[in-house]
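When reading the values below, keep in mind they use all heavy atoms of this one structure, side chains included, and skip hydrogens, waters and symmetry mates. Order of the sequence lines fixes the chain letters, A, B, ..., with proteins taken first and strands second; residue numbering starts at 1 for each chain.
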Amino acid sequence: MQPRTSEKICGMGHSMKRKEDARFLQGKGNYVDDVKLPGMLYMDIVRSPFAYAKIKSINTEAALAIPGVLAVITGETLAQYNLHWMPTLMSDTQMVLPTDTVMYQSQEVAAVIATSRYIAADGVEAVEVEYEPMQAMVTPFQSMEPGAPVLRTDKEGKTDNLAWHWEHGDREATDKAFASADVVVREKMHIPRIHVASIETCGCVADFDPVEGKLTVYMTTQAPHAVRTVLALVAGHVGLSEEKIRIISPDIGGGFGGKVPVYPGYVVAIAASVVIGKPVKWIEDRSENLQADSFARDYHMDCELAATNEGKIQALRIKTVADYGYTDAAANPSKFPAGLFSICTGSYDMDTAFTEMDAVYTNKPPGGVAYRCSFRVTEAVHAIERMVDVLAQKLQKDPAQLRFNNFIQPEQFPYQSPMGWEYDSGNYPAALQKAMDIVGYEELRREQAEKRARGEFMGIGISSFTEIVGAGPSKHFDILGIKMFDSCELRIHPTGKAIARFGTKSQGQGHETTYAQIIAEELGIPALHVEVEEGDTDTAPYGLGTYASRSTPTAGAAAAKAARKVRNKARKIAAYLLEVSEEDLEWEPGVFTVKGAPDKSTTIQDIAFAAYTNHPQGMEAGLEAVHYYDPPNLTFPFGSYICVVDIDKGTGEIKIRRFVAVDDCGNIINPMIVQGQVHGGLTQGLAPAMYESLIYDEEGNILNGTFMDYLLPTAVETPNWETAHTITPSPHHPLGAKGVGESATVGAPPAIVNAVVDALSPLGVTHLEIPMTPPQIWEILNAHGVAE
Amino acid sequence: MATRTVSITVNGETHTRDVEPRLLLVHFLRENLDLTGTHIGCDTSNCGACTVLLDGKSIKSCTLLAVQAHGKAVTTIEGVAQGGQLHPLQEGFKEKHGLQCGFCTPGMVMRAVELLDKNPDPTEDDIRWGISGNLCRCTGYVNIVKAIQYAAEKMQAEEAVEA
Ligand code: FES
Ligand code: FES
């Protein structure tokens with residue numbers, strides 16, 4: 001797409017270098033641990049060594065005797081203020097600190113407040129807690145067994161460990177389709193528990209000013225406004241009201257969904273600051289972060305696909321058992337307990353589908369955040385993209401051909417899915433064809449045939465995913481009742497420069513640059529002259545924050561709409577300045593010209609100046625606008641990925657030789673940033689496919705709760721991603737954009753698994769669980785006598 | 001707790017402070033000197049967010065005590081730009097979009113400073129292995145590799161002009 005604006009204006013389509021980089025490159029970022037306030041105290045947390053235990057006693061004496069330890073806060077302390085429980089964003093409940101029972105290993109048990117980080121840690125060592133361990137239930141199957149002890153005894157009348165049951169689609173029609181289908185394929189798959197592991201952990205500095213009665217919290221949150229409202233609702237009874245709460249989300253070192261929920265540590269630090277009247281800083285260690293919060297996935301799915309002998313897909317059925325840990329601490333829209341899992345029919349036109357899910361409590365940390373995905377889309381995409389390959393293998397058809405034969409065709413959009421979604425736009429065959437052309441699909445298949453004849457294992461895997469992002473239309477989407485619009489407040493200064501504030505919060509996505517480019521596109525003010533601010537609830541307009549790839553679809557749209565409101569007023573001022581009527585004016589970015597009189601024109605900068613110095617009588621002075629954008633629909637980005645792997649017969653190692661990603665996120669604001677998002681997303685797709693999974697033993701002990709053993713891909717494991725795109729604009733988004741932050745994380749894992757299964761298919765392999773590790777592959781090779 | 005006096009030259013300026021012997025160098029830099037550009041991303045010496053130069057060698061400052069740096073010279077990200085001029089690596093990271101959230105960036109840059117010092121003309125593989133002790137969760141490394149290549153080329157070109 002050719003940019004419409006000049007390099008100087010730098011509107012949409014320009015690969016503008018990022019405005020935020022200057023501070024990050026010189027060590028001048030301002031992350032939460034960089035905040036230092038006068039008199040600031042430090043908090044550290046005592047955590048449970050057991051996954052399930054009664055607390056018999058907590059002895060704080062020795063800790064309090066350490067010079068510099070000021071307080072030890074326990075569940076009993078908080079109970080005095082009725083603050084020992086809090087709601088989760090899913091309307092479940094969660095202990096802030098326990099009064100009698102711990103429910104997962106590393107659960108927060110007590111907090112030590114001290115004058116330094118080191119003394120706080122000494123204090124933690126000195127707190128003595130006596131536990132009476134109980135048998136933990138580590139899998140959802142254990143906790144669903146008849147007679148299993150009920151974990152959530154805090155919930156009145158609870159007789160089992162089911163958090164909720166959810167159904168979606170047409171059960172009857174689907175069962176019927178399966179009963180009469182030529183071919184049914186079935187595969188069980190586990191999407192393991194993984195962790196977002198942003199390189200910055202979570203933390204906050206809570207600063208209560210007892211004189212003003214005002215609480216300021218610097219906090220690693222992706223959704224500062226929602227946090228403020230939740231705090232006002234849960235702490236209203238202790239005197240905190242919403243206008244006296246200010247949440248500041250400073251620079252954030254990666255979020256990926258892990259910084260949406262409210263964790264106990266935040267609440268305890270706030271309580272400590274309110275009680276002591278001094279600022280209190282709490283920063284998690286990496287191990288605490290890995291062991292106690294930010295979990296994603298943990299779905300056990302039983303998937304079936306019904307098709308004709310020719311390979312026409314007719315129906316999909318998925319039954320899932322979901323492990324939510326001790327409480328449902330996800331951050332899904334409230335009407336969607338399983339998030340947007342119902343996108344599971346994917347890119348394929350089928351008659352009917354049905355899915356049901358049991359969400360189960362276990363003795364694992366609270367689960368359910370979305371690891372860089374729009375509310376459970378990753379699990380859904382994994383299911384359908386794997387199943388399409390399973391079907392292709394069963395029918396001995398080429399997986400690309402099977403996809404082409406089943407794709408929703410370009411002319412079917414807007415497409416009504418059997419699950420009730422209206423896909424806005426798409427051209428799936430074009431994306432897959434492009435990926436095949438780039439990778440050289442036919443040639444690779446020939447090479448594969450030769451290699452197979454020689455007993456070598458090479459595989460080609462495809463994933464043609466459809467995402468669903470940009471939550472969302474207020475009719476259906478809310479979090480705790482707050483509608484999921486987002487906002488932009490735009491103010492043009494007299495000299496034609498601007499400041500724009502948003503309800504979202506960048507965690508690396510580059511909002512300071514892309515939002516400025518949107519405003520540049522709409523107003524012709526150079527993007528460099530547009531200051532972008534987010535994250536301070538005292539100044540930013542209300543919005544639900546950044547996650548689920550929603551910033552461009554919602555706040556990006558709000559920016560365009562606010563800028564258009566400004567342009568409408570600018571047109572009136574221009575007409576006044578040029579002494580013509582509004583209809584006589586023509587707009588090109590930055591300039592109004594009188595039709596037919598090219599020398600009679602006025603710039604947006606002149607107009608801005610006039611808005612403060614020479615505005616028409618009867619018109620309000622100033623040039624600014626606010627827009628709260630309520631999207632009419634979600635957006636449906638898509639793409640086709642092709643992965644090529646070679647298997648080392650000696651070690652079982654999977655070598656990704658090539659990975660081609662063709663993404664379509666509609667119109668592109670900044671191609672450089674979009675590509676960066678795809679690179680990062682692909683790497684967070686590679687991670688669960690081959691490396692990451694949190695492992696627990698039967699006692700509920702986490703076995704890999706540090707960066708020594710929870711394996712993030714390094715530069716060595718990460719392949720050289722090849723990216724390209726097609727452009728199918730969203731028909732309902734003001735800029736035709738769709739959002740791209742998570743596409744690659746969602747789309748990549750099945751491409752990689754499909755490639756490895758394809759490589760091993762001569763051995764009869766039809767499915768592999770993730771993460772696919774060298775020992776697992778070597779075992780298979782060895783069992784068939786082909787390991788070297 | 002008893003303290004020790006340490007004298008550490010950081011970015012060319014010598015700082016003398018009384019510190020607890022257990023104080024980590026990274027905390028000395030961040031909390032005693034307010035040089036918060038050096039970050040902390042783990043507690044097991046795996047992430048590299050805390051990388052600084054100690055007498056020109058890149059080290060993980062979370063794995064060294066401040067007392068061990070006594071009498072030595074430390075360079076942090078704050079000391080890399082010279083005379084208001086970004087270092088070619090800083091420029092490369094911006095040009096090639098080698099950073100997103102920026103949290104790993106100071107450590108990556110410091111590691112790359114030593115890498116290019118030792119190996120001014122690295123292959124892609126040299127770079128990938130060279131930064132394998134530094135984790136980035138945002139970029140997928142492709143553009144970090146390009147940023148380091150950009151700097152290598154620029155620095156070699158500059159050297160050629162000077163020679
Ligand atoms: S903080 Fe992770 S290696 Fe130093
Ligand atoms: S840019 Fe975020 S961790 Fe590297």
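- Residues of residues 284-293 of chain A lying under 4.5 angstrom from chain B, judged on non-hydrogen atoms, are A/D285, A/R286, A/S287 by number.
- For a heavy-atom cut-off of 4.5 Å, chain A lies close to B/E124, B/R128, B/W129 in residues 117-129 of chain B.
- Looking at B/H87, there are no atoms closer than 4.5 Å to chain A (heavy atoms on both sides), in backbone or side chain.
- For A/A744, no part sits under 4.5 Å from any heavy atom of chain B, backbone or side chain.
- Contact annotation for residues 102-111 of chain B against chain A (heavy-atom separation below 4.5 Å, listed by residue number): B/G102, B/F103, B/T105, B/P106.
- Only the backbone of A/I252 comes within contact range of chain B, with heavy atoms under 4.5 Å apart.
- For a residue to count as touching a neighbouring chain, one of its non-hydrogen atoms must lie under 4.5 Å from one of that chain's; by this rule A/T714 touches chain B with backbone and side chain alike.
- Looking only at distances, a side-chain donor or acceptor of A/Q509 sits under 3.5 Å from a matching main-chain atom of A/Q507.
- For A/Y31, the part lying near chain B is the side chain, with the backbone staying farther off; criterion is any non-hydrogen pair under 4.5 Å.
- Of the atoms belonging to A/D122, it is side-chain heavy atoms, and not backbone ones, that fall under 4.5 Å from chain B.
- Proximity to chain B at a heavy-atom threshold of 4.5 Å picks out A/A715, A/V716, A/T718, A/P719, A/N720, A/W721 from residues 715-724 of chain A, in numerical order.
- Using a 3.5 Å distance cut-off with no hydrogens or angles, the side chains of B/T9 and B/T14 do pair a donor with an acceptor.
- Heavy atoms of A/D33 lying under 4.5 Å from chain B belong to its backbone as well as its side chain.
- Heavy-atom distances place the side chain of A/R372, and not its backbone, under 4.5 Å from chain B.
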